[in-house]
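Here the structure is laid out as structure tokens; the discussion comes afterwards.
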Amino acid sequence: MKYWSQTFIPTLKESPSDAEIASHKLLLRAGLVRKLGGGLYTFMPAGLRVLRKISELCREEMDRAGAIELAMPFIHPVENWQDGPRWAAAREIMYRVDHAGAGKGRSREPEFVLGPTHEEVITPLVKSEITSYRDLPKNFYQIGTKFRNEIRPRYGLMRAREFVMKDAYSFDATDESAVVSYNKMKAAYLAFFARCGLKTIAVEADTGVMGGSFSHEFMVPAPVGDDDIVYCDESGYSANREKATSGLVPKDFTDAAPAGALEEFATPGVVTIAALAAAPYSVAADKQFKTLVYMGDGKPFLVILRGCDELEEAKLGALGFQLCRPATAEEIEPVLGAKPGSLGAVKGTIKNFAALAGVFADHAIHLVGNGTTGANKDGFHLRNVNVVRDLQITQWGDFRTVRAGEPDVKSGHPLKMARAIEVGHVFKLGTKYSEKFGAVYTDDQKQSHLMVMGCYGIGISRTLQAVVEQSNDADGIVWPWHVAPWQVLIVNLDPQDAAAAELCKKMALAAEAAGADVLIDDRAERPGVKFKDADLIGLPLRLTVGGRGLKEGIFELKWRNAKEVTKVPVADAEGVVTQAVRDAASKA
RNA sequence: CGGGGUGUAGCUUAGUCUGGUAGAGCGCCUGGUUUGGGACCAGGAGGUCGUAGGUUCGAAUCCUAUCGCCCCGACCA
């Protein structure tokens, strides 16, 4: 048991002005964290307890799933990253480690970086330690601090420069086995989040810089989330918007026949979809082809969409480039022969087709049938452009952003969209890293094979805040049982009264024996202050002891997530407390 | 990095437009009265007004630069 006067829980009546959302305000007000700088937070004693509880729950689920704990350095030799498959994309988010000396600085490349994740460390380790199929599969995990130079830290612990993460890495002999490892982790994640009292949904996700063949994200629905998820209740489909697809183009769709001969017409000054949709041209956006130019690892390529659609940049990842960015006007003109606003992909109009890495068309342009597009000649467009006959397409794909209301692929019901916080992500990596680092094993036929990898992350500190975001009311935090810093708060309204102190201690021992952590508020504060703080810090079970009740021979029992207050005879104290704790623990 | 805000005591802030040498509430300290939902009275401590220049007799206030922080976008657990 812990006495409030013996620990440090600095609660605040008002929230600091730089906190915007409920969970961030409550973390500060309940004295769980304090800010050092943007995206940098100190865990105060109570906050640290929550962090440890969540870590421990995670550890238990990882162990149960057969993962093996280890601890890798936070500081990485930069060579590990330079030798890896994503140095170009990942270096931007890494902090370089330098000596703080004021003397001669180094002019070479940085020698060390702070680890943002550990594929580049674990893969070489496993390469040198595991060489036989007999030692596979293996799944290693750790819980520790990660460092990322976030472009914009936000919302307290939600997106921080330094945060606590559980990361796991699986190594399998075969692809089938890797899928088994992946599914084990997925199940462990669901169990873990459930024990944290979090409602999460697993969604199909984009693999991003991490790479790999497929992935799922674990999302906590919340308006303050950074991600949009797309889902269908009928079919059970759910995906991150970056990855989501819809059944916009029917399976049996047949392309429209050409409507007439290609025809060039002058459109002076028209450089936007909207301008062409307006009078006097009046070409509806869904009858236009949108031609975007991107640079993939230095080589330009085109993406063709319906005029009314938006490009989902994450989907360009499927094209296999390391780095993609929009091309500049200077890069576009020599290749296409026109400035942005008059671009198109009609056969024969592209000035230097050979310079392109490809022309990638979104399936939805089938719906345009015959439409209008830029003529690759400034101030001119082409009409009667037929998708099949006229466009010079090298590859079809899904590149557009799905919108709410579009039909689900399976059920045909309208898709819904919601904001969510990403608290976990599992990736089936494949051999991207094992190939680069040469992580191979020998099978029972003396043959060498690449190990098949998976990686699995949980934002421990983000999960902490997500719990608060999902579980609070006007008075404060409402902690789920297993992640509360303490499960039971005993409020002693008369700490100088020996009988009250004695009863508090007796109940604390009973609660502890039943498996709960107990905090006793023994401060010399007025009752109002204690009740307000009790609600604010949000421990699940509150037991109130005071002189007034003791005269009647009772104390009070109240659950943070309920309104009712139960009066309990002092004589029954130990039994009632024991039972309450056991009930709560078994239900949670 | 682009756009929008904002920096005054530990926290929340007034004062800034219209320059005259900083005020309140909470918290903290002392004493008293209180004591079941953030008490009251009296007294007290605490501020280089983010920083550096400039204008001016005089700058929290005007100008310039710079830094921090918050929000919106790209990035991520």
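Chain identifiers are assigned alphabetically (A, B, ...) following the order of the sequence lines, protein sequences preceding nucleic acid strands; residue numbering begins at 1 within each chain.
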Can a donor-acceptor pair under 3.5 Å be found between the side-chain atoms of Arg542(A) and the base atoms of G36(B)? no
With sequence neighbours left out, write down each residue that passes side-chain hydrogen bond (donor to acceptor under 3.5 Å, both in side chains) with Thr291(A), or none if nothing qualifies. none
Identify whether any heavy atom of Ala466(A) sits under 4.0 Å from a base atom; if not, whether one sits that close to sugar-phosphate; answer base, sugar-phosphate or nothing. nothing
Phe531(A) ring over G38(B) six-membered base ring, under 5.5 Å and 30°: no
Within the structure shown, what part of the strands sits under 4.0 Å from Ser15(A) by heavy-atom distance: base, sugar-phosphate, or nothing? sugar-phosphate
Could you check whether Asp167(A) gets within reach of a base, just the sugar-phosphate, or nothing at all, counting any heavy atom under 4.0 Å? nothing
In whole angstrom, give me the gap between the P atoms of G5(B) and A77(B). 33 Å
Where is the tightest heavy-atom contact between Glu119(A) and Cys455(A), given as atom of each residue plus distance? OE2-SG, 3.2 Å
Side chain of Asp18(A) only, please: which of C70(B), G36(B), C1(B) is the nearest? C70(B)
Using 4.0 Å as the upper bound for N to carboxylate O, is an ion pair formed by Asp362(A) and Lys315(A)? no
With a 4.0 Å limit, can you tell me whether Tyr155(A) has a side-chain N or O closer than that to the phosphate oxygens OP1/OP2 of A77(B)? no
Among Ile537(A), Ile477(A), Leu26(A), find the residue that satisfies the side-chain contact (heavy atoms from CB on, under 4.5 Å) test when tested with Leu32(A). Ile477(A)
Summary of side chain to side chain donor-acceptor pair (under 3.5 Å) pairs that have at least one residue in residues 490-507 of chain A, sequence neighbours excluded: none
Dot-bracket summary - RNA chain B, pairs being Watson-Crick or G-U whose distances fall under 3.5 Å, with | when paired to another strand: ((((((((.[[[[.)....(..]]]].((((((.....)))))).....[[[[[..)....]]]]])))))))....
G54(B) versus U61(B) - spacing of their C1' atoms, nearest Å: 15 Å
Quick one: label Gly38(A) by what it contacts on the DNA or RNA (base, sugar-phosphate, nothing), any heavy atom closer than 4.0 Å. sugar-phosphate
Applying a 4.0 Å non-hydrogen cut-off, can you work out what Met158(A) is touching in the nucleic acid: base, sugar-phosphate, or nothing? base
Between C70(B), C1(B), G38(B), which nucleotide has the shortest distance from any of its atoms to the side chain of Glu20(A)? C70(B)
Which residues pass the side-chain hydrogen bond (donor to acceptor under 3.5 Å, both in side chains) test with Arg159(A), not counting sequence neighbours? Asp226(A)
Considering only heavy side-chain atoms of Lys35(A), the closest of C70(B), G36(B), C72(B) is C70(B)
Counterpart residues, ring pair (Phe, Tyr, Trp, His ring centres under 6.0 Å), relative to Phe192(A) (two or more places apart): none
With rounding to whole Å, what would you report as the distance between G3(B) and C49(B) at their P atoms? 30 Å
For Phe555(A), give me all partners under ring pair (Phe, Tyr, Trp, His ring centres under 6.0 Å), at least two apart in sequence or on another chain. none
Going by the ring pair (Phe, Tyr, Trp, His ring centres under 6.0 Å) test, which pairs reach into residues 12-32 of chain A, not counting sequence neighbours? His24(A)-Tyr41(A)
Considering only heavy side-chain atoms of Arg148(A), the closest of C71(B), G37(B), A77(B) is A77(B)
Please write out each protein N/O paired with an N/O of nucleotides 3-10 of chain B under 3.5 Å, distance rounded to 0.1 Å.
none

Taking the P atom in each of G53(B) and A59(B), what is the distance between them to the nearest angstrom? 13 Å
Expressed as a whole number of Å, how far does the P atom of G10(B) sit from that of C71(B)? 23 Å
Categorize Gly459(A) for me: base, sugar-phosphate, or nothing, with a 4.0 angstrom heavy-atom threshold over every strand shown. base
What pairs with Tyr141(A) under ring pair (Phe, Tyr, Trp, His ring centres under 6.0 Å), at least two apart in sequence or on another chain? none
Using the P atom as the reference point in each nucleotide, state the distance between C26(B) and A65(B) in Å, no decimals. 41 Å
For atom CZ of Arg86(A) and atom C1' of C75(B), their distance in whole Å: 13 Å
Students often get this wrong, so: under 4.0 angstrom with heavy atoms, is Asp227(A) touching a base, only sugar-phosphate, or nothing? base
For C28(B) versus A74(B), give the span between their C1' atoms, rounded off to a whole number of Å. 45 Å
Scan Val529(A) against the nucleic acid and name what it touches under 4.0 Å (heavy atoms): base, sugar-phosphate only, or nothing. base
Contact state string [nucleotides 24-35 of chain B, B base, S sugar-phosphate only, - no protein heavy atom under 4.0 Å]: -BSS------BS
Check ion pair Lys53(A)-Glu56(A) (N to O, under 4.0 angstrom): no
For residues 556-566 of chain A, pull every pair meeting salt bridge (Lys or Arg N to Asp or Glu O under 4.0 Å), keeping only residues two or more places apart or in separate chains. Asp473(A)-Arg560(A)
What does Arg34(A) touch in the nucleic acid at a heavy-atom separation under 4.0 angstrom: a base, only the sugar-phosphate, or nothing? nothing
With sequence neighbours left out, what residues match Pro73(A) under side chain to side chain contact (heavy atoms under 4.5 Å, CB included)? none
